[in-house]
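Reckoned from all heavy atoms, side chains included, excluding hydrogens, waters and symmetry mates. None of the values given here were measured: they were computed from a predicted structure. So you know, we letter chains A, B, ... as the sequences are listed, proteins then strands, and number each from 1.
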2 protein chains.
Amino acid sequence: MIPSQMLKGILGGCILTVISREETYGYEISQKLRQMGFGNIAEGTIYPLLLRLTKNGCICATLKASDTGPARKYYSLTNTGKEELAQFQKDWLELSTAVNHLIGENSHG
Amino acid sequence: MIPSQMLKGILGGCILTVISREETYGYEISQKLRQMGFGNIAEGTIYPLLLRLTKNGCICATLKASDTGPARKYYSLTNTGKEELAQFQKDWLELSTAVNHLIGENSHG
DNA sequence: GTTTGTACTTTGCATTACAAGGTACTGCTA
DNA sequence: TAGCAGTACCTTGTAATGCAAAGTACAAAC
(Lines give C-alpha, C1' and ligand atoms only; values in the text may rest on other atoms or scores of the structure.)
Protein backbone atom coordinates (compact mmCIF):
# COMPACT_ATOMS: atom_id res chain seq x y z
CA MET A 1 0.00 0.00 0.00
CA ILE A 2 1.32 3.40 -0.97
CA PRO A 3 1.21 5.67 2.13
CA SER A 4 -1.51 8.29 1.85
CA GLN A 5 0.93 11.11 2.49
CA MET A 6 2.88 10.15 -0.59
CA LEU A 7 -0.22 10.59 -2.72
CA LYS A 8 -0.66 14.22 -1.73
CA GLY A 9 -0.22 16.53 -4.66
CA ILE A 10 -0.08 13.53 -7.00
CA LEU A 11 -3.60 12.15 -7.11
CA GLY A 12 -4.97 15.27 -8.76
CA GLY A 13 -2.57 14.90 -11.67
CA CYS A 14 -3.27 11.17 -11.88
CA ILE A 15 -6.98 11.78 -12.14
CA LEU A 16 -6.42 14.39 -14.84
CA THR A 17 -4.34 11.80 -16.68
CA VAL A 18 -7.11 9.18 -16.46
CA ILE A 19 -9.71 11.65 -17.67
CA SER A 20 -7.47 12.79 -20.54
CA ARG A 21 -7.58 9.27 -21.97
CA GLU A 22 -11.36 9.24 -22.13
CA GLU A 23 -14.39 10.73 -20.44
CA THR A 24 -15.07 8.86 -17.22
CA TYR A 25 -16.74 9.17 -13.82
CA GLY A 26 -15.68 9.00 -10.19
CA TYR A 27 -16.54 5.42 -9.42
CA GLU A 28 -14.76 4.15 -12.51
CA ILE A 29 -11.73 6.32 -11.83
CA SER A 30 -11.31 4.70 -8.43
CA GLN A 31 -11.41 1.27 -10.07
CA LYS A 32 -8.89 2.24 -12.72
CA LEU A 33 -6.49 3.65 -10.16
CA ARG A 34 -6.72 0.41 -8.20
CA GLN A 35 -5.92 -1.58 -11.35
CA MET A 36 -2.98 0.73 -12.00
CA GLY A 37 -1.41 -0.17 -8.66
CA PHE A 38 -2.49 2.80 -6.54
CA GLY A 39 -4.35 0.60 -4.08
CA ASN A 40 -7.84 1.43 -2.87
CA ILE A 41 -8.36 5.18 -3.08
CA ALA A 42 -11.26 6.07 -0.76
CA GLU A 43 -14.40 7.68 -2.14
CA GLY A 44 -13.88 10.43 0.41
CA THR A 45 -10.72 11.19 -1.54
CA ILE A 46 -11.94 10.88 -5.12
CA TYR A 47 -15.16 12.85 -5.02
CA PRO A 48 -13.93 15.91 -3.13
CA LEU A 49 -10.95 15.96 -5.49
CA LEU A 50 -13.24 15.91 -8.52
CA LEU A 51 -15.24 18.78 -7.02
CA ARG A 52 -12.02 20.71 -6.43
CA LEU A 53 -10.85 20.16 -9.99
CA THR A 54 -14.25 21.28 -11.25
CA LYS A 55 -14.09 24.41 -9.12
CA ASN A 56 -10.59 25.12 -10.43
CA GLY A 57 -11.89 24.90 -13.97
CA CYS A 58 -9.73 21.88 -14.84
CA ILE A 59 -12.59 19.51 -15.63
CA CYS A 60 -16.31 19.73 -16.37
CA ALA A 61 -19.09 17.21 -15.82
CA THR A 62 -22.01 15.87 -17.80
CA LEU A 63 -24.68 13.84 -16.06
CA LYS A 64 -25.64 10.65 -17.89
CA ALA A 65 -28.07 7.91 -16.93
CA SER A 66 -26.87 4.37 -16.32
CA ASP A 67 -28.64 1.04 -16.82
CA THR A 68 -27.10 -0.52 -13.78
CA GLY A 69 -27.42 2.11 -11.07
CA PRO A 70 -27.75 5.82 -10.39
CA ALA A 71 -26.72 8.46 -12.92
CA ARG A 72 -23.02 9.09 -13.52
CA LYS A 73 -21.09 12.32 -13.76
CA TYR A 74 -18.83 11.99 -16.77
CA TYR A 75 -15.83 14.32 -16.63
CA SER A 76 -13.70 15.74 -19.44
CA LEU A 77 -10.67 18.05 -19.45
CA THR A 78 -10.95 21.78 -20.13
CA ASN A 79 -8.09 23.73 -21.68
CA THR A 80 -7.05 24.74 -18.18
CA GLY A 81 -7.08 21.07 -17.25
CA LYS A 82 -4.83 20.21 -20.17
CA GLU A 83 -2.34 22.85 -19.08
CA GLU A 84 -2.55 21.63 -15.53
CA LEU A 85 -1.92 18.07 -16.70
CA ALA A 86 1.14 19.16 -18.68
CA GLN A 87 2.45 20.99 -15.63
CA PHE A 88 1.85 17.91 -13.45
CA GLN A 89 3.83 15.70 -15.81
CA LYS A 90 6.66 18.23 -15.77
CA ASP A 91 6.60 18.45 -11.97
CA TRP A 92 6.47 14.67 -11.64
CA LEU A 93 9.48 14.31 -13.89
CA GLU A 94 11.37 16.84 -11.80
CA LEU A 95 10.46 15.08 -8.57
CA SER A 96 11.12 11.55 -9.73
CA THR A 97 14.43 12.57 -11.28
CA ALA A 98 15.56 14.16 -8.02
CA VAL A 99 14.47 11.24 -5.85
CA ASN A 100 15.90 8.59 -8.15
CA HIS A 101 19.12 10.55 -8.34
CA LEU A 102 19.27 10.70 -4.56
CA ILE A 103 18.43 7.03 -4.02
CA GLY A 104 20.72 5.96 -6.83
CA GLU A 105 23.71 7.86 -5.51
CA ASN A 106 23.37 5.91 -2.33
CA SER A 107 24.92 2.85 -3.94
CA HIS A 108 27.98 4.70 -5.29
CA GLY A 109 28.72 6.09 -1.87
CA MET B 1 10.10 24.24 -8.49
CA ILE B 2 8.55 21.03 -7.24
CA PRO B 3 5.16 21.87 -5.64
CA SER B 4 5.29 21.55 -1.87
CA GLN B 5 2.30 19.21 -1.82
CA MET B 6 4.21 16.73 -3.95
CA LEU B 7 6.95 16.56 -1.35
CA LYS B 8 4.60 15.37 1.38
CA GLY B 9 5.51 11.94 2.61
CA ILE B 10 8.66 12.02 0.50
CA LEU B 11 10.96 14.48 2.22
CA GLY B 12 11.27 12.29 5.30
CA GLY B 13 12.55 9.38 3.26
CA CYS B 14 14.86 11.66 1.32
CA ILE B 15 16.39 12.98 4.51
CA LEU B 16 16.87 9.44 5.80
CA THR B 17 18.61 8.66 2.52
CA VAL B 18 20.96 11.63 2.88
CA ILE B 19 21.80 10.72 6.47
CA SER B 20 22.36 7.08 5.51
CA ARG B 21 25.24 8.14 3.27
CA GLU B 22 27.04 9.94 6.08
CA GLU B 23 26.36 11.70 9.35
CA THR B 24 25.20 15.21 8.65
CA TYR B 25 23.25 18.12 10.11
CA GLY B 26 20.16 20.12 9.22
CA TYR B 27 21.77 23.07 7.53
CA GLU B 28 23.91 20.85 5.33
CA ILE B 29 20.97 18.59 4.48
CA SER B 30 19.06 21.56 3.11
CA GLN B 31 22.05 22.47 0.91
CA LYS B 32 22.42 18.92 -0.35
CA LEU B 33 18.76 18.64 -1.22
CA ARG B 34 19.02 21.87 -3.18
CA GLN B 35 22.00 20.50 -5.09
CA MET B 36 20.03 17.32 -5.79
CA GLY B 37 17.29 19.27 -7.55
CA PHE B 38 14.70 19.53 -4.79
CA GLY B 39 14.78 23.32 -4.81
CA ASN B 40 15.01 25.38 -1.67
CA ILE B 41 13.54 23.40 1.21
CA ALA B 42 12.64 25.86 3.97
CA GLU B 43 14.26 25.57 7.40
CA GLY B 44 10.76 25.51 8.84
CA THR B 45 10.42 22.23 6.96
CA ILE B 46 13.79 20.62 7.68
CA TYR B 47 14.11 21.15 11.41
CA PRO B 48 10.63 20.05 12.48
CA LEU B 49 11.08 17.00 10.26
CA LEU B 50 14.37 16.14 11.95
CA LEU B 51 12.71 16.49 15.36
CA ARG B 52 9.89 14.23 14.21
CA LEU B 53 12.32 11.60 12.94
CA THR B 54 14.20 11.79 16.22
CA LYS B 55 10.98 11.37 18.20
CA ASN B 56 10.05 8.38 16.02
CA GLY B 57 13.38 6.81 16.84
CA CYS B 58 14.59 6.86 13.23
CA ILE B 59 17.61 9.06 13.81
CA CYS B 60 19.69 10.26 16.75
CA ALA B 61 21.76 13.40 17.17
CA THR B 62 25.21 14.24 18.46
CA LEU B 63 26.09 17.84 19.17
CA LYS B 64 29.47 18.88 17.80
CA ALA B 65 31.21 22.24 17.88
CA SER B 66 32.03 24.04 14.67
CA ASP B 67 34.88 26.43 13.85
CA THR B 68 32.73 28.59 11.67
CA GLY B 69 29.53 29.07 13.64
CA PRO B 70 27.25 27.61 16.28
CA ALA B 71 27.34 23.93 17.21
CA ARG B 72 25.86 21.40 14.80
CA LYS B 73 23.55 18.48 15.47
CA TYR B 74 24.96 15.56 13.53
CA TYR B 75 22.38 12.89 12.82
CA SER B 76 22.82 9.19 12.15
CA LEU B 77 20.34 6.39 11.40
CA THR B 78 19.13 3.99 14.06
CA ASN B 79 18.04 0.46 13.19
CA THR B 80 14.47 1.71 13.11
CA GLY B 81 15.61 4.41 10.72
CA LYS B 82 17.25 1.85 8.45
CA GLU B 83 14.02 -0.15 8.32
CA GLU B 84 12.08 3.03 7.69
CA LEU B 85 14.45 3.92 4.87
CA ALA B 86 14.04 0.49 3.27
CA GLN B 87 10.26 0.86 3.52
CA PHE B 88 10.44 4.31 1.95
CA GLN B 89 12.42 3.02 -1.01
CA LYS B 90 9.88 0.23 -1.46
CA ASP B 91 6.96 2.67 -1.24
CA TRP B 92 8.65 5.07 -3.64
CA LEU B 93 9.19 2.29 -6.15
CA GLU B 94 5.53 1.32 -5.88
CA LEU B 95 4.38 4.90 -6.34
CA SER B 96 6.71 5.78 -9.19
CA THR B 97 5.91 2.54 -10.99
CA ALA B 98 2.18 3.24 -10.76
CA VAL B 99 2.50 6.87 -11.88
CA ASN B 100 4.89 6.11 -14.72
CA HIS B 101 2.64 3.27 -15.82
CA LEU B 102 -0.33 5.63 -15.82
CA ILE B 103 1.45 8.46 -17.64
CA GLY B 104 3.06 6.05 -20.06
CA GLU B 105 -0.18 4.34 -21.04
CA ASN B 106 -1.46 7.70 -22.10
CA SER B 107 0.60 7.59 -25.27
CA HIS B 108 -0.63 4.15 -26.35
CA GLY B 109 -4.16 5.52 -26.74
C1' DG C 1 -38.40 -6.13 1.57
C1' DT C 2 -33.72 -6.98 2.42
C1' DT C 3 -29.32 -7.24 0.63
C1' DT C 4 -25.62 -6.23 -2.79
C1' DG C 5 -23.48 -3.38 -6.05
C1' DT C 6 -23.33 0.99 -8.12
C1' DA C 7 -22.74 6.07 -7.65
C1' DC C 8 -22.37 10.56 -5.50
C1' DT C 9 -21.97 13.85 -1.24
C1' DT C 10 -20.62 15.83 3.18
C1' DT C 11 -18.24 16.60 7.76
C1' DG C 12 -14.38 16.42 10.48
C1' DC C 13 -9.68 14.82 11.26
C1' DA C 14 -4.55 13.86 10.78
C1' DT C 15 -0.47 14.73 8.49
C1' DT C 16 2.90 17.65 6.80
C1' DA C 17 5.42 21.49 4.02
C1' DC C 18 6.11 26.15 4.75
C1' DA C 19 6.11 31.25 6.01
C1' DA C 20 7.50 34.16 9.51
C1' DG C 21 9.80 35.26 13.38
C1' DG C 22 13.17 34.31 16.96
C1' DT C 23 17.82 32.82 19.25
C1' DA C 24 22.73 32.50 19.10
C1' DC C 25 27.66 31.84 17.71
C1' DT C 26 31.78 33.29 14.54
C1' DG C 27 34.32 36.50 11.94
C1' DC C 28 34.79 40.71 9.53
C1' DT C 29 34.65 45.78 9.32
C1' DA C 30 34.46 50.33 10.84
C1' DT D 1 32.71 49.10 20.77
C1' DA D 2 28.96 48.47 17.28
C1' DG D 3 27.02 46.41 13.30
C1' DC D 4 26.53 43.10 9.74
C1' DA D 5 26.68 38.59 7.12
C1' DG D 6 26.87 33.75 7.32
C1' DT D 7 26.05 29.72 9.84
C1' DA D 8 22.93 26.86 12.66
C1' DC D 9 18.85 25.72 15.19
C1' DC D 10 13.92 26.30 17.07
C1' DT D 11 8.82 27.57 17.43
C1' DT D 12 4.11 29.06 16.13
C1' DG D 13 0.47 29.17 13.11
C1' DT D 14 -1.42 28.22 8.47
C1' DA D 15 -2.80 25.85 4.19
C1' DA D 16 -3.36 21.83 1.44
C1' DT D 17 -5.08 17.38 1.00
C1' DG D 18 -5.97 12.22 1.63
C1' DC D 19 -9.18 9.65 4.25
C1' DA D 20 -12.61 7.66 7.64
C1' DA D 21 -17.27 7.68 8.54
C1' DA D 22 -21.75 8.49 7.63
C1' DG D 23 -25.48 9.55 4.61
C1' DT D 24 -28.45 9.53 0.12
C1' DA D 25 -30.26 7.07 -3.82
C1' DC D 26 -31.03 3.86 -7.78
C1' DA D 27 -31.17 -1.10 -9.87
C1' DA D 28 -31.13 -6.05 -9.67
C1' DA D 29 -31.31 -10.41 -7.22
C1' DC D 30 -32.94 -13.28 -3.61
- Roughly how far, to the nearest 0.5 Å, is the CD atom of B/Glu28 from the CZ atom of B/Arg72? 7.0 Å

- Task: Mind checking side-chain contact (heavy atoms from CB on, under 4.5 Å) for B/Thr97 and listing every partner two or more places apart, or none if nothing turns up?
- Result: B/Leu93

- May I ask you to list the residues of residues 53-79 of chain A, by number, that have any heavy atom positioned under 4.0 Å from an atom of DNA chain D? A/Asp67, A/Gly69, A/Pro70

- Query: Side chain of B/Glu43, base of C/dC18: donor and acceptor closer than 3.5 Å?
  - Reply: no

List, with names and distances, any nitrogen or oxygen atoms from the protein found under 3.5 Å away from nitrogen or oxygen atoms belonging to nucleotides 12-18 of chain D.
unit_1 : atom_1 : unit_2 : atom_2 : d
D/dA16 : O4'    : B/Gln5 : NE2    : 3.0
D/dT17 : O2     : A/Lys8 : NZ     : 2.4
D/dG18 : OP1    : A/Leu7 : O      : 3.4
D/dG18 : OP1    : A/Gly9 : N      : 3.2

- Euclidean distance, atom CD1 of residue B/Ile46 to atom P of C/dA20 [Å, nearest integer]: 18 Å

- Flag yes if more than 12 heavy atoms outside A/Lys64 fall under 6.0 Å of its NZ atom; otherwise flag no. yes

- Message: If I take atom CZ in residue B/Phe38 and atom P in nucleotide C/dC18, what distance separates them, rounded to the nearest angstrom?
- Response: 11 Å

- Item | Test applied, side chain to side chain contact (heavy atoms under 4.5 Å, CB included); reference residue, B/Ile41; option that passes from B/Ile2, B/Leu7, B/Ile15, B/Leu49 | B/Leu7

- Message: According to side-chain hydrogen bond (donor to acceptor under 3.5 Å, both in side chains), who are the partners of A/Lys73, at least two apart in sequence or on a separate chain?
- Response: none

- Task: Enumerate the residue pairs fulfilling salt bridge (Lys or Arg N to Asp or Glu O under 4.0 Å) with a member in residues 42-59 of chain A, sequence neighbours excluded, ordered by first and then second residue.
- Result: none

- Contact class for B/Leu51 vs. all strands (heavy atom < 4.0 Å): base, sugar-phosphate, or nothing? sugar-phosphate

- Message: Test: ring-ring contact (aromatic ring centres under 6.0 Å, His included). Region: residues 20-57 of chain A. Which pairs qualify, not counting sequence neighbours?
- Response: A/Tyr25-A/Tyr74

- Message: Measure CD/A/Glu28 against C1'/C/dT6 and give the value in whole Å, please.
- Response: 12 Å

- Distance in angstrom units between B/Ile29 CD1 and C/dA17 P, rounded: 13 Å

- Task: Evaluate side chain to side chain contact (heavy atoms under 4.5 Å, CB included) for B/Trp92 paired with A/Ile103, printing each intermediate quantity in order.
- Result: CA-CA 10 Å; B/Trp92 168 255; A/Ile103 291 179; 3.7 Å; yes

- Return no unless some side-chain N or O of B/Tyr25 is found under 4.0 Å from OP1 or OP2 of D/dA8. yes

- Here the distance between atom P of D/dC26 and atom OH of A/Tyr27, to the nearest Å, is 17 Å

- Message: If the cut-off is 4.0 Å, is B/Tyr47 near the phosphate of D/dC10, judged by side-chain N/O to OP1 or OP2?
- Response: no

- When rounded to the nearest 0.5 Å, the distance separating SG of B/Cys60 from CD of B/Glu23 is 8.0 Å

